[in-house]
Amino acid sequence: MAQHAARSGGGLTRWIGWILFIGIVMIISGLIGLIQGLVALFDDDFYLVTAAGLPIGTDYTIWGWTLVAFGALLIGAGYALLFGHTWARLIALVVTAVNAFINLAFLPAYPIWSVLAISLDLIAIYAIAVHGAEAKLLRPRRE
């Protein structure tokens with residue numbers, strides 16, 4: 001009943017808290033991606049395998065820029081999701097799914113960070129896909 005009230009323009013439900021949480025999770029996941037990317041750009045020897053040992057055998061510089069770009073996209077999408085924009089929900093789903101696949105390919109290089117990033121991405125995908133529509137209640141009403 002409470003979910004029906006939220007979808008029909010009624011009161012807030014407990015899922016609003018989850019959407020806020022997911023926005024923050026996406027921002028944190030984006031920061032993890034930024035850190036991974038910067039490390040890949042500045043310290044190639046930090047990772048467990050050489051770039052040739054990754055499923056996509058490219059230079060760590062390319063991996064670094066890719067991770068930095070998707071980290072920034074995740075931060076932006078998470079921020080927009082916090083304000084309940086419908087377009088942010090679609091962008092957040094796409095960026096989060098692509099980021100999970102990027103980290104899956106980056107898994108041999110540094111498993112701990114990649115597993116953490118994939119886990120956060122999967123939690124975000126679930127919450128956005130199932131309860132993301134309720135985030136529209138977060139937008140300020142114009143009178």
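Counting begins at 1 with the first residue of the sequence.
- Annotation for G30 and L74: closest pair CA-CB, 3.7 Å, computed over non-hydrogen atoms.
- Contacts of T61 classified as side chain to side chain donor-acceptor pair (under 3.5 Å), with partners at least two apart in sequence or in another chain: D59.
- Evaluation of the side-chain contact (heavy atoms from CB on, under 4.5 Å) rule for I118 yields N103, L104, L122 as partners, not counting sequence neighbours.
- Once rounded to the nearest 0.5 Å, the distance linking CD1 of I28 with CG of L116 reads 9.5 Å.
- For F42, the side-chain contact (heavy atoms from CB on, under 4.5 Å) criterion is met by L38, not counting sequence neighbours.
- Here CG of L81 is found 9.0 Å from CD1 of I27. Values are rounded to the nearest 0.5 Å.
- Taking CG of L41 as the start and CH2 of W65 as the end, the distance is 5.5 Å to the nearest 0.5 Å.
- Partners of L34 by side-chain contact (heavy atoms from CB on, under 4.5 Å), not counting sequence neighbours, listed by chain and number: L31, V68, I75.
- Scanning all heavy atoms of the two residues, the minimum distance from I22 to A127 falls at CG1-CB, 3.2 Å.
- For the residue pair D121 and A100, the shortest heavy atom distance occurs at OD2-N, 3.3 Å.
- Residues I62 and W113 do not share a hydrophobic cluster, clusters being chains of Ile/Leu/Val/Met/Phe/Trp/Tyr side chains in contact below 4.5 Å.
- When all heavy atoms are compared, the tightest approach of A88 to A77 is CB-O, 4.4 Å.
- The line from CD1 of I125 to CE of M26 is 9.0 Å long, rounded to the nearest 0.5 Å.
- Considering all non-hydrogen atoms of both residues, L82 and G23 come closest at CD2-CA, 3.8 Å.
- The ring pair (Phe, Tyr, Trp, His ring centres under 6.0 Å) test applied to F101 returns no partner, not counting sequence neighbours.
- Scanning for side-chain contact (heavy atoms from CB on, under 4.5 Å) contacts around I102 gives W63, T66, L67, F70, V98, with sequence neighbours left out.
- Taking CG of L73 as the reference point, atom OG1 of T96 lies at 10.0 Å (rounded to 0.5 Å).
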